[in-house]
Amino acid sequence: QVQLVESGGGLVQAGGSLRLSCAASGRTYGIGAMGWFRQAPGNEREFVAAYRWSDGNIYYTDSVKGRFTISRDNAKNAVYLQMNSLKLEDTAAYYCAAGPYRGTVVPARVYDYWGQGTQVTVSS
């Protein structure tokens with residue numbers, strides 16, 4: 001089993017920044033990818049960004065490119081999501097996900113482990 005603990009959410013004004021953190025513990029040797037998803041009320045959980053562990057490839061959904069940056073700390077089995085120029089539509093619960101790499105990083109179904117979620121609220 002792998003445990004994921006997120007932190008860093010909060011309330012921020014539009015145009016501001018937040019940094020989310022996700023630390024993995026337990027049987028982390030099987031992790032091939034870690035990513036971030038978000039879910040707003042009434043919406044499906046959507047892919048935001050991911051890091052492929054083997055070669056460091058990074059993936060972003062189009063709506064966050066140029067504003068969000070995913071990074072990792074191998075020693076800590078952690079990933080971070082730096083979110084800049086936040087918009088009202090970025091408001092959601094953000095979830096960290098991890099699992100073996102299964103040929104794609106976008107669908108939520110390819111991840112085995114999930115954090116509890118951290119709320120990001122962007123105000124006008």
Applied to residues 107-124, the salt bridge (charged side-chain N to carboxylate O under 4.0 Å, His left out) test, sequence neighbours excluded, yields R102-D112
**Item:** L81/F68 under side-chain contact (heavy atoms from CB on, under 4.5 Å): CA gap, chis, key distance, verdict
**Value:** CA-CA 7 Å; L81 188 67; F68 291 11; 4.2 Å; yes
| said: Assess the residue pair M83 and V120 against the criterion (side-chain contact (heavy atoms from CB on, under 4.5 Å)); give the C-alpha distance rounded to whole Å, side-chain angles, the decisive distance to 0.1 Å, and a yes or no. | reply: CA-CA 10 Å; M83 304 184 294; V120 171; 3.8 Å; yes
Is the shortest side-chain heavy-atom distance between Y51 and N57 below 4.5 Å?
no
More than 12 heavy atoms of other residues, nucleotides or ligands under 6.0 Å from CD of E89: is that the case?
-> yes
Tightest non-hydrogen contact, residues V2 and A24, listed as CG1-CB, 4.2 Å
Under the side-chain contact (heavy atoms from CB on, under 4.5 Å) rule, what do C22 and V5 come out as? Steps first, then yes or no, please. CA-CA 5 Å; C22 175; V5 178; over 6 Å; no
Centre-to-centre under 6.0 Å for Y60 and F47, is that the case here?
no
Between L18 and G9 the two heavy atoms that sit nearest each other are CD1-C, 4.5 Å
Sorted by chain and number, sequence neighbours left out, side chain to side chain donor-acceptor pair (under 3.5 Å) with N84 holds for S17, Q82
Shortest non-hydrogen pair, V48 vs Y94, comes out as CG2-CE2, 4.3 Å
Do T91 side-chain atoms and L88 backbone N/O form a donor-acceptor pair below 3.5 Å? yes
Cation-pi check, R45 to Y95: give yes when NZ or CZ is under 6.0 Å from the six-membered ring centre and within 45° of the ring axis, no otherwise.
yes
What one should report as the nearest heavy-atom pair of C96 and V79 is SG-CG2, 4.1 Å
Practice prompt. For side-chain contact (heavy atoms from CB on, under 4.5 Å), just list the numbers for Y113 and Q3, CA-CA rounded to whole Å, side-chain angles, deciding distance to a tenth of an Å, and then say yes or no.
Written response: CA-CA 7 Å; Y113 306 103; Q3 293 78 42; over 6 Å; no
For I70 and M34 the tightest heavy-atom approach is CD1-O, 4.1 Å
Residue set satisfying side chain to side chain donor-acceptor pair (under 3.5 Å) with T121, at least two apart, ordered chain then number -> Q119
Contacts satisfying salt bridge (charged side-chain N to carboxylate O under 4.0 Å, His left out) that involve residues 3-25 (not counting sequence neighbours) are none
task = Kindly indicate whether the side chain of L20, heavy atoms from C-beta on, has any atom under 4.5 Å from the side chain of W36.
result = yes
| Transitively linked via ILVMFWY side-chain contacts under 4.5 Å: W53 with Y59? | no
Taken in chain and number order and not counting sequence neighbours, the residues that satisfy side chain to side chain donor-acceptor pair (under 3.5 Å) with S7 are none
_Is the shortest side-chain heavy-atom distance between S25 and N77 below 4.5 Å?_
no
Note: A98 and I31 closest approach over all heavy atoms is CB-CD1, 4.1 Å
For residues 25-41, the salt bridge (charged side-chain N to carboxylate O under 4.0 Å, His left out) pairs (sequence neighbours left out) are R38-E46, R38-D90
